[in-house]
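Below: one structure, written as structure tokens.
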Amino acid sequence: MLNSMNAAQVIEEIDALPAEEQSKVIAHLHQVQEERFHEEQVLIAEQRLEDLDNGLTDTVSHYEAMRMIRQA
């Protein structure tokens, strides 16, 4: 059901819940967000390890990367 709803509809559904249920839903959403963050960090670490295995040892600063992207 949530997959077919936009953000405004989800918020309306949460607002319609009793306060105690709203707190539970919000806590669950925070947990999901935290899990997704950790999953993303694992993917980044895996990519970095793969890069190291492939011989990439140099790093590029954020500033330099942004400069390179803008020039492309």
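By convention here, the first residue in the shown sequence is residue 1. Note that the structure is predicted; figures quoted are calculated from it, not measured. Just the heavy atoms: all of them, side chains too, but no hydrogens, waters or symmetry mates, feed the values below.
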Using only atom types and a distance under 3.5 Å, with no angle test, would you say the side chain of Asn6 pairs donor to acceptor with the backbone of Ala8?
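Side chain of Asn6 to backbone of Ala8: a pair is present.
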Please tell me whether Leu17 and Val10 are part of a single hydrophobic cluster in this structure, the criterion being side-chain heavy atoms less than 4.5 Å apart.
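In one cluster: yes.
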How long is the gap from [atom1] on [X] to [atom2] on [Y], to the nearest 0.5 Å?
{"X": "Ile44", "Y": "Asp51", "atom1": "CD1", "atom2": "CG", "answer": "11.5 Å"}
{"X": "Leu43", "Y": "His38", "atom1": "CG", "atom2": "NE2", "answer": "13.0 Å"}
{"X": "Met66", "Y": "Ser61", "atom1": "CE", "atom2": "OG", "answer": "11.0 Å"}

So does Lys24 pair up with Glu20, basic N to acidic O under 4.0 Å?
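Here Lys24 pairs with Glu20 in a salt bridge, since their nearest N and O are under 4.0 Å apart.
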Are Arg67 and Glu64 within salt-bridge range, i.e. N to O under 4.0 Å?
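Glu64 and Arg67: salt-bridged.
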Taking atom types as modelled, is there a side-chain donor on Glu35 or Gln31 under 3.5 Å from an acceptor on the other?
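Yes - a donor-acceptor pair under 3.5 Å links their side chains.
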Contact check, side chains of Thr59 and Arg48, non-hydrogen atoms, under 4.5 Å:
yes
Can you see which heavy atom on Val60 is nearest to which on Met68, and at what distance?
CG1-SD, 4.2 Å
